[in-house]
Amino acid sequence: MIKQIKMLSTLPLLFGIYLGIAQEVSGQGHLKKSPKFEPNWESIKAHYKDPEWFNDQKFGIFIHWGAYAVPAFGSEWYPRQMYMDTATFSAQLKLEKLGPNETYLHHKQKYGDQKKFGYKDFIPMFKAEKFNAKKWINLFKKSGARYVIPVADHHDGFAMYKSNTTRWNAAEMGPKKDILGELFTEGRKQGLIMGASSHYAFNWSFYNKKDHFDTTDPAYSDLYSEKGKDLTEPVSEAFKQKWWKRTKDLIDNYQPDILWFDFYLDIPDFAEYRPKLAAYYYNKGIEWGKEVVINDKNFNHEAFPEGTVIYDLERGKLPGIRKLPWQTDTSIGKNSWGYVTNWQSKTANELVDDLVDIVSKNGNLLLNIGPKADGTIPKDQQKILLQIGKWLKTNGSAIYGTEYWSVFGEGPTEVKKGHHSEGGNKGFTSKDIRFTKKGNKLYAILLEWPENGSVLIKSLATGQDITKDLRIETVKLLESNKNLGFEQNEKGLFIEDLGKRKGDFAHCIEITMKDPIITINP
């Protein structure tokens, strides 16, 4: 009896040890101890690694949507610009003279004085009565996107989700729906990876505070922020705490796979909160049983050390390969992120070329749409997404799950580097070719169709280190699914006849090798 009691008393201990071991065993049957992130860069650098799943997805959808879609004028910065009278706007830009602010004057003429009709008064007009999460997600799936990042908090301070920290949220005002929650539920149901973006840090300096505006009314300080009238005033500890609670609420209640942050989080004022944020979120990922990702711009300096987040470039690209994954975020709209009545769209051809160029350099493309205030996505934006989706349906094997090769490409067109540099880029030509690889397949992607229907791929010339172990077996054009004749020599890989052009945009040549392709010193 005593022996039996002793054995029974040890069962809970043995069971606990068994569970502890089981929790540390990975799917491959190896012991795997989950790292614990501490809120300092040393700990985060030691334990963090960019998850492979992010880089494999390649293409995502960004959504700028909020009460600024009601006036639909200028850009999503309407709520800031509507309060920028001439004197303040000049002082902000350090100019002695500047003409009237177009948005400020437009608002005053159409809606009245900013003291009586402020940005808060657009929120009841933001009804989103035609919003349908299923229709949106269906469209994103057809576009070929693998992840979706709706804006959760923009600079304006209006949360597009059911917030536990502010009354100014879409579940209680305006649409009276949990927009983010509905998109997350439907997106995950359809197999998409779901993220959220936060631009809220800039709320501190977003609204101009003058006595002749409603922004100084204490009744609305929880929307317009509690700061004083100086736009350059350092961020208060009270606001940083507010930002932290709001961000933590978003993380805890929606468990986003990706957290994207805008520029103001990068300023020195938030320095102590950045490692705190990264550690908290990455530890939450462990708790949830998944790898999570932070996207940040490192705007003007390295706010997040390299190797602790995914680097994101706004409206810009890189001129060459980056060995660590990165991302470009840009908009279909040339002139805005949020919907405006004079929205100017890029072409699907331009955007497919950007996607290919970015992927060849180890990056992802996050492409933004701007829905209308009623919750509909404009037809021209839908058309572009569907054109991209049609291209990816044929050529996706050259994009999804691929890696960069020894060289990203060849051709005369150079790409500008850095944030907001896309306006300085020229269109690609038929001489511009980009490469990706997967297993024993190398993809040479022609960014324009050659006029004579033939192509010489110089990067595949014999006698080079990067080609010495390559043994070409077949060459095929994905859009026609037709094997092509070829000749390889010291000048390159020559394809005399590509056949009949069937695709509208970039044209992918699949080159199958005898053995897996090794990348050499990119």
Side-chain angles (χ1 to χ4, degrees), residues 59-82 84 102-103 106 119 122 126 128 131 136 139-140 143 145 147-160 170 179-180 183 195-203 206-207 258-266 295-297 299 312-317 327-348 350-351 354-355 358 364-378 380-382 384-385 388 418-423:
F59 180 45
I61 297 294
F62 210 4
I63 310 168
H64 274 67
W65 193 38
Y68 42 80
V70 175
F73 183 89
S75 75
E76 72 289 348
W77 279 50
Y78 187 100
R80 179 176 174 84
Q81 298 300 335
M82 65 175 277
M84 289 296 183
E102 187 180 10
T103 303
H106 168 83
Y119 183 65
F122 284 120
F126 177 41
F131 168 68
W136 280 28
L139 175 63
F140 303 154
S143 78
Y147 58 102
V148 179
I149 303 180
V151 170
D153 281 308
H154 207 256
H155 311 314
D156 63 350
F158 185 71
M160 294 294 289
I179 301 296
L180 187 73
L183 286 169
S197 79
S198 173
H199 312 236
Y200 183 65
F202 190 46
N203 180 259
F206 191 60
Y207 292 102
I258 305 167
L259 261 182
W260 188 102
F261 287 98
D262 208 356
F263 70 102
Y264 214 63
L265 180 59
D266 290 345
N295 295 161
D296 185 80
K297 297 178 179 180
F299 206 75
D312 179 274
L313 272 164
E314 180 178 337
R315 288 194 184 271
K317 299 190 288 186
Q327 178 177 261
T328 284
D329 72 279
T330 192
S331 180
I332 289 178
K334 295 179 183 179
N335 57 329
S336 184
W337 295 82
Y339 173 74
V340 287
T341 54
N342 66 334
W343 177 282
Q344 300 167 26
S345 287
K346 300 170 185 173
T347 67
E350 291 174 298
L351 293 167
D354 282 341
L355 173 64
I358 290 162
N364 286 20
L365 172 62
L366 180 62
L367 181 62
N368 176 73
I369 63 163
K372 292 183 177 181
D374 65 2
T376 57
I377 299 172
D380 63 325
Q381 296 182 49
Q382 289 192 45
I384 288 167
L385 290 180
I388 295 171
H419 295 288
H420 303 285
S421 61
E422 67 181 18

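This one's a predicted model, so the numbers in the text were calculated from it and none came from an experiment.
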Legend entry - Side-chain donor or acceptor of Tyr119 paired with backbone N/O of Tyr68 under 3.5 Å: yes
Inset, instruction - Please examine the side chains of Ser143 and Phe59, heavy atoms only from C-beta on, and report whether any two atoms are closer than 4.5 Å. - result: yes
Inset, instruction - Determine whether Leu385 and Ile332 make a side-chain contact, defined as any pair of heavy atoms from C-beta on separated by less than 4.5 Å. - result: yes
Legend entry - Minimum heavy-atom distance between Gly316 and Thr328, given as atom pair plus value: O-OG1, 2.6 Å
Legend entry - Check: His199 and Val151 side chains under 4.5 Å, non-hydrogen atoms: yes
Inset, instruction - Give a yes or no on whether the backbone of Asn342 and the side-chain of Asn335 come within a donor-acceptor separation of less than 3.5 Å. - result: yes
Inset, instruction - With rounding to the nearest 0.5 Å, note down the distance linking OH in Tyr264 to CG in Asp266. - result: 11.5 Å
Legend entry - Those residues that, when tested against Trp337, pass ring pair (Phe, Tyr, Trp, His ring centres under 6.0 Å) (two or more places apart): His64
Inset, instruction - Applying side chain to side chain contact (heavy atoms under 4.5 Å, CB included), name anything that partners Pro378, two or more places apart in sequence or on another chain. - result: Tyr339, Lys372, Asp380, Gln381
Legend entry - Whether Trp136 side chain and Ile377 backbone form a donor-acceptor pair below 3.5 Å: no
Legend entry - Approximate separation, where rounding is to 0.5 Å, of Phe299 CZ and Leu313 CG: 10.0 Å
Inset, instruction - Could you walk me through whether Asn295 and Asp329 pass the side-chain contact (heavy atoms from CB on, under 4.5 Å) test, one step at a time? - result: CA-CA 10 Å; Asn295 295 161; Asp329 72 279; over 6 Å; no
Legend entry - Side chain to side chain, Ile384 and Ser345, heavy atoms closer than 4.5 Å: yes
Inset, instruction - Please examine the side chains of Ile63 and Leu183, heavy atoms only from C-beta on, and report whether any two atoms are closer than 4.5 Å. - result: yes
Inset, instruction - Check whether any side-chain heavy atom of Leu367 lies under 4.5 Å from a side-chain heavy atom of Thr330, and answer yes or no. - result: yes
Legend entry - For Lys346, salt bridge (charged side-chain N to carboxylate O under 4.0 Å, His left out) partners two or more places apart: Glu422
Inset, instruction - Could I get the full list of ring pair (Phe, Tyr, Trp, His ring centres under 6.0 Å) partners for Phe126, not counting sequence neighbours? - result: Trp65
Inset, instruction - Using side chain to side chain contact (heavy atoms under 4.5 Å, CB included) as the criterion, list what pairs up with Ala152, not counting sequence neighbours. - result: Tyr161, Leu180, Ala196, Leu250
Inset, instruction - Work out which heavy atom in Leu365 is nearest to a heavy atom in Leu351; give both atom names and the distance. - result: CD2-O, 4.1 Å
Inset, instruction - Could you list all the salt bridge (Lys or Arg N to Asp or Glu O under 4.0 Å) pairs where at least one residue sits in residues 62-76, not counting sequence neighbours? - result: none
Legend entry - Set of side chain to side chain contact (heavy atoms under 4.5 Å, CB included) partners for Ser75, sequence neighbours left out: Trp77, Ser336
Inset, instruction - Using the test salt bridge (charged side-chain N to carboxylate O under 4.0 Å, His left out), find all partners of Asp262 that sit at least two apart in sequence or belong to another chain. - result: Lys297
Inset, instruction - Output all residues satisfying ring pair (Phe, Tyr, Trp, His ring centres under 6.0 Å) with Tyr78, sequence neighbours left out; order by chain, then residue number. - result: His107, Phe122
Legend entry - Counterpart residues, salt bridge (charged side-chain N to carboxylate O under 4.0 Å, His left out), relative to Asp354 (two or more places apart): Lys317
Legend entry - Atom of Tyr207, atom of Arg80 and distance for their closest heavy-atom approach: N-NH1, 4.4 Å
Legend entry - Test log, rule side-chain contact (heavy atoms from CB on, under 4.5 Å), inputs Gln382 and Leu139: CA-CA 7 Å; Gln382 289 192 45; Leu139 175 63; 3.7 Å; yes
Inset, instruction - Without swapping roles, check the side chain of Asn203 against the backbone of His155 for a donor-acceptor pair under 3.5 Å. - result: yes
Inset, instruction - Could you please spell out the steps behind the side-chain contact (heavy atoms from CB on, under 4.5 Å) verdict for Phe73 and Glu102? - result: CA-CA 10 Å; Phe73 183 89; Glu102 187 180 10; 3.9 Å; yes
Legend entry - Residue pair Ser331 / Phe62, side-chain heavy-atom distance below 4.5 Å: no
Inset, instruction - May I ask you to test the Tyr147-Leu366 pair for a side-chain heavy-atom distance under 4.5 Å? - result: yes
Inset, instruction - Taking salt bridge (charged side-chain N to carboxylate O under 4.0 Å, His left out) as the test, write out the residues that go with Asp156, two or more places apart. - result: none
Legend entry - All side chain to side chain donor-acceptor pair (under 3.5 Å) counterparts of Trp260, not counting sequence neighbours: Asp312
